[in-house]
Amino acid sequence: MKCAVLGPEGTFSHEMALKVCGRDIMLCPTIGVVFAEVASGGCTGIVPLENSEAGGVGETLDGFMKTDCHITAEYYLPVRHHYAAAVPVGEKPSCIYVHPQSHGQCSRFVDDLGVPVIHTASNAASAKAAAEKPGTAAITSAPAAGIHGLKIIWENVQNSDNNVTRFVRVEKGPYPRGFPYDSPDCRKCSILIDPLEDRPGLLYEIIGVFAAMGINLSRIESRPSKRGMGSYVFFIDFAMTSYSGDAVRRLKEITFVRELGCYSGTEVV
């Protein structure tokens, strides 16, 4: 089955898709379009969910809010960013093109460079923009730099040598027979909680459900609900245990819960 990912060629999403999906890939202009293609049926998708340096990927979280896509697997990819340009070494570029997530992951280098920053839709788009405008530079991947004929001037300009991005595979619609909380093959579950109300102690009550059942949370992140200032939804990842199904049923008694997926443990690529 075809796999939809953020394009063009040379993005880290494209690199991950090549590793796990082969070459039957559909390149999309935005992560939102990836979700739309998956939701329409006929393909799966690979999207970045979070980065160890820059945190959650807003477009991906929004995709789960807007569609009924669910998660069926996760993959981790070590990420290496490079400073590339067509200008000679030693000359300062007039500006630097960089994706917002990459900017966060390479903030120290970008700040020290001291030139105007222009955000782009992807790392590949950054390389393309720098190649098309003489005197500029880009933070990009090695494949994207090669595709667009840029010279890598400095390698590994990310803030951390342990920079890793977590990707997830997304598929259309809910599970046909409910989530496999009793499956021995699943090691992690993800849910979206939308409180739909603002009352004292609600978040404490939600976290307390997991604490009472001895379930470890590996991630909790808030995201604006789009209903106005101060209204948020919460994305939660937790370890699979024999009590996971009971925990979700208890949560549904006190708030709105959408199950995003139960899936196998981390695969480091």
Side-chain angles (χ1 to χ4, degrees), residues 31-32 34-36 38-41 44-45 47-51 55-76 166-267:
I31 291 173
V34 173
F35 274 93
V38 174
S40 68
T44 63
V47 291
L49 182 60
E50 62 175 322
N51 175 264
V57 180
E59 280 188 279
T60 296
L61 300 181
D62 288 347
F64 285 118
M65 292 169 60
K66 295 175 181 176
T67 71
D68 64 354
C69 295
H70 64 270
I71 301 171
T72 57
E74 69 172 357
Y75 313 97
Y76 281 27
R166 176 188 173 202
F167 290 82
V168 291
R169 181 189 291 272
V170 292
E171 298 187 17
K172 174 181 170 58
Y175 283 91
R177 292 179 296 278
F179 282 84
Y181 290 114
D182 57 352
S183 171
D185 296 327
C186 294
R187 297 291 181 266
K188 184 184 290 185
C189 297
S190 297
I191 59 175
L192 181 157
I193 290 180
D194 188 342
L196 299 176
E197 62 176 337
D198 184 13
R199 62 177 174 83
L202 178 59
L203 185 56
Y204 177 85
E205 192 175 353
I206 290 169
I207 301 303
V209 170
F210 294 101
M213 296 186 181
I215 298 173
N216 185 44
L217 300 186
S218 56
R219 171 174 166 266
I220 179 169
E221 184 167 352
S222 64
R223 183 75 177 160
S225 69
K226 319 298 185 185
R227 293 192 297 269
M229 184 64 70
S231 178
Y232 297 90
V233 300
F234 300 93
F235 291 86
I236 296 177
D237 295 339
F238 57 94
M240 170 74 85
T241 75
S242 58
Y243 299 107
S244 295
D246 294 333
V248 172
R249 284 187 286 273
R250 171 60 184 138
L251 288 170
K252 288 181 176 180
E253 295 173 359
I254 60 177
T255 190
F256 174 81
V257 179
R258 187 160 81 81
E259 295 151 293
L260 297 179
C262 293
Y263 41 93
S264 60
T266 300
E267 178 180 339

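- Using a 3.5 Å distance cut-off with no hydrogens or angles, the side chains of T72 and E171 do pair a donor with an acceptor.
- Nearest approach of V38 to C69, heavy atoms of both residues: CG1-SG, 3.7 Å.
- I193 pairs with exactly one of L202, V257, V233, L203 by the side-chain contact (heavy atoms from CB on, under 4.5 Å) rule, that one being V257.
- Note that CD1 of I206 is 7.5 Å distant from CD1 of I220, once rounded to the nearest 0.5 Å.
- Of the residues listed (K252, K226, R227), the one engaging D194 in a salt bridge (charged side-chain N to carboxylate O under 4.0 Å, His left out) is R227, and it is the only one.
- One distance of note links CE of M240 with OH of Y263; it measures 10.0 Å at 0.5 Å rounding.
- For the residue pair D237 and S190, a side-chain donor N or O sits within less than 3.5 Å of a side-chain acceptor on the partner.
- Surrounding OH of Y243 are at most 12 heavy atoms belonging to other residues, nucleotides or ligands under 6.0 Å away.
- The heavy-atom pair separating F235 from R223 by the smallest distance is CE1-CB, 3.9 Å.
- To the nearest 0.5 Å, atom CG of residue D198 and atom OH of residue Y232 are 11.0 Å apart.
- A heavy-atom distance below 4.5 Å is not found between the side chains of C189 and E259.
- Side-chain contact between R169 and H70 is absent, with no heavy-atom pair separated by less than 4.5 Å.
- Counting heavy atoms from C-beta on, the side chains of V168 and V170 come closer than 4.5 Å.
- With values rounded to the nearest 0.5 angstrom, S244 atom OG is found 12.5 Å from K188 atom NZ.
- Two residues are said to be in side-chain contact when any heavy atoms from C-beta on lie closer than 4.5 Å; R166 and N51 fail this criterion.
- Taken to the nearest 0.5 Å, the CD1 atom of I236 stands 11.0 Å off from the CD1 atom of I215.
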#### Entry: Verdict with supporting geometry, L49 and F167, side chain to side chain contact (heavy atoms under 4.5 Å, CB included)
CA-CA 5 Å; L49 182 60; F167 290 82; over 6 Å; no
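- A distance of 13.5 Å separates CZ in F64 from CD1 in I191, rounded to the nearest 0.5 Å.
- Here the side chains of P48 and I31 are in contact, with some heavy-atom distance below 4.5 Å.
- Between R187 and E74 there is no salt bridge, since no side-chain nitrogen of the basic residue lies less than 4.0 Å from a carboxylate oxygen of the acidic one.
- Residues L192 and M65 have side chains in contact (heavy-atom distance under 4.5 Å, counting atoms from C-beta outward).
- Ring to ring, F238 and F210 are close: their centroids are under 6.0 angstrom apart.
- Between R219 and E50 there is a salt bridge, since a side-chain N of the basic residue sits under 4.0 Å from a carboxylate O of the acidic one.
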